[in-house]
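By convention in this document, chain letters (A, B, ...) are assigned in the order of the sequence lines, proteins followed by strands, and residues within each chain are numbered from 1.
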Number of protein chains: 2
Amino acid sequence: MLLQTRPSDSVLAVHDRLYRTLRTQVMHGELDPGVALTLRGIAKRFGVSMTPVREALRRLVAEGALSMSASGRVTTPELSNERIEELAAIRALLEPELASRALPRAHFALIERLQTINTANAEAVAKQDAVAYIRTNLEFHRTLYLRAQAPAMLAIAETVWLQLGPTMRALYTRLRRNEPPPHHRMILAALKAGDEPGLRLAVRADVTQGLRHLAG
Amino acid sequence: MLLQTRPSDSVLAVHDRLYRTLRTQVMHGELDPGVALTLRGIAKRFGVSMTPVREALRRLVAEGALSMSASGRVTTPELSNERIEELAAIRALLEPELASRALPRAHFALIERLQTINTANAEAVAKQDAVAYIRTNLEFHRTLYLRAQAPAMLAIAETVWLQLGPTMRALYTRLRRNEPPPHHRMILAALKAGDEPGLRLAVRADVTQGLRHLAG
DNA sequence: CATGCCTAGGTGTGATCACAAAGCTGCGGC
DNA sequence: GCCGCAGCTTTGTGATCACACCTAGGCATG
């Protein structure tokens, strides 16, 4: 009825706002696997029409954040064990490379920020807050990888995180962790020492651990 | 006006048909870099309304096949040299792994099919047909990687091919090739010999070659 | 009591329209 | 001659609607 379209308005189009909101929810594990999302339901929830909702969902489906049945129903993905292991293998391939590329540019300020994030991560563990745990964990990795100056590679890694989002929630609430990820300290140590092979190993161990023994 | 929506109709919804058509065109290098695509233009070209076109384009943008300006204009991407090198590095990381996983399942029938594809590739070279060259080249790789039983990894590799599509066209028409890619024979030889390290090397060399010295 | 039909609600899809912003053309002023 | 601005055109965005399909649930029939 009234205004729409505001490319210069701060930054966001409606479909883009929806996309970012839903993407964050999926990646941080705020949604369980197998949850159905309907166009009209989301449209009503955000007070918009179906059109921008469709675009946001289509975009998320394209990235693998959501899955779509043959009839067009959109749900959060329920991954098979094979798929989870494959995604873990992709992380094990990409993320050591990203870390290695970030290493030469990892100065003290960065390591300090990583330690701060790691502290917040430990707090999330203490509070048994799965979503905060996943969020701070991913933030730790993204903050490091941003230094790699490899946007396409980072984007692919984030896509993988997206696909794992709902599963991570189910996983981390199942095997209630009582301690922060041990490999983060190894990563920090390797960064300080400038130890490239050690860094690759630590990152690989970190992203693999937890996803390896799932026994769905 | 009349019927729409046909989930059971053979297979395709309109937006899906558009998506596949455009995706193929981009991946095979049928479009030059920097070409603008308008919603109404494509809608008219395919005789449909803007709605399904928007979904198809949004999907392709999400996969990096097309890029979108701040104002929402959609064009084929013009990649910087840094971006091209990064994408080549991703290929060099992913594809040897895919080949390695395919190796144990690469029986004679597969190798024979690869040789057939390679012959078609050589014909494309002889005809100076850039699109056919790119198509058969990608088909060679995809046929091999399909045996890896790693759909997520293959999907990522295809996304990278997509992003390189328009650039590949510009590249291969520039440095007019007069012989088929030399490493394909090495890949076939390594497959026959069951030589895993040799296969990794050959694949890495194949995907890197050509993209390395671009000097845009 | 079981089984089949059939109606009603819900869902995705595609067309159409109103609107605002961006791009473009050409005219005028400096 | 060059710059700038006004107006028109083009373009993307979002809302709304009609329609086909799918799913349940109830009712009648065997």
Side-chain angles (χ1 to χ4, degrees), chain A residues 1-23 26 31 34-78, chain B residues 1-23 26 31 34-78:
Chain A
M1 210 76 63
L2 326 173
L3 42 140
Q4 64 258 26
T5 314
R6 60 211 80 165
S8 50
D9 251 36
S10 47
V11 267
L12 288 313
V14 172
H15 67 86
D16 213 71
R17 182 170 56 89
L18 293 176
Y19 165 74
R20 289 169 205 261
T21 302
L22 294 173
R23 180 185 141 107
V26 171
L31 278 56
V35 171
L37 300 177
T38 64
L39 294 180
R40 288 172 177 82
I42 296 177
K44 180 171 290 186
R45 174 145 69 95
F46 287 91
V48 297
S49 81
M50 290 165 45
T51 314
V53 175
R54 253 202 294 183
E55 296 192 33
L57 288 189
R58 190 74 64 190
R59 196 167 158 190
L60 289 164
V61 169
E63 294 179 4
L66 300 173
S67 55
M68 194 162 135
S69 74
S71 65
R73 310 305 245 278
V74 172
T75 61
T76 50
E78 299 180 280
Chain B
M1 214 78 61
L2 326 172
L3 43 141
Q4 65 257 26
T5 314
R6 60 211 78 165
S8 48
D9 250 35
S10 45
V11 266
L12 287 313
V14 172
H15 66 85
D16 215 70
R17 181 170 55 88
L18 293 176
Y19 165 75
R20 290 170 205 259
T21 303
L22 294 172
R23 180 183 139 105
V26 171
L31 278 55
V35 171
L37 301 176
T38 65
L39 294 180
R40 287 172 177 84
I42 296 177
K44 180 171 290 184
R45 174 146 67 97
F46 287 91
V48 298
S49 81
M50 289 164 43
T51 314
V53 175
R54 256 203 291 185
E55 298 194 32
L57 288 188
R58 190 75 63 189
R59 198 168 157 189
L60 289 164
V61 169
E63 293 178 3
L66 299 173
S67 56
M68 192 163 131
S69 74
S71 64
R73 309 304 246 276
V74 172
T75 60
T76 49
E78 299 179 280

Earlier contact from the 5' end, DNA chain D, for A:V48 and A:R73: A:V48
Pair B:D16 + B:R59: basic N to acidic O under 4.0 Å: yes
B:P52 side chain, from C-beta outward: closest of C:dA15, C:dT13, C:dG12: C:dA15
Short side-chain N/O contact to C:dG14 OP1/OP2 from B:T51, under 4.0 Å: no
Euclidean distance, atom NE2 of residue A:H15 to atom P of D:dG12 [Å, nearest integer]: 12 Å
Closest non-hydrogen atom pair, B:S67 against B:P77: OG-CA, 3.7 Å
Length of the line joining A:R54:CZ and C:dA15:P, which is rounded to integer Å: 10 Å
Length of the line joining B:L39:CG and C:dC19:C1', which is rounded to integer Å: 15 Å
Value in whole Å for how far the C1' atom of C:dA15 lies from CG of B:L18: 14 Å
Short side-chain to backbone donor-acceptor contact, A:T76 and A:L66, under 3.5 Å: no
Among D:dT13, C:dT13, C:dA15, the one nearest A:M50 by side-chain distance: C:dT13
OP1 or OP2 of C:dT13 under 4.0 Å from side-chain N/O of A:R58: yes
A:E55 CD - C:dG12 P separation (whole Å): 15 Å
Residue closer to the 5' end of DNA chain C, A:G72 versus B:S49 (nearest nucleotide): A:G72
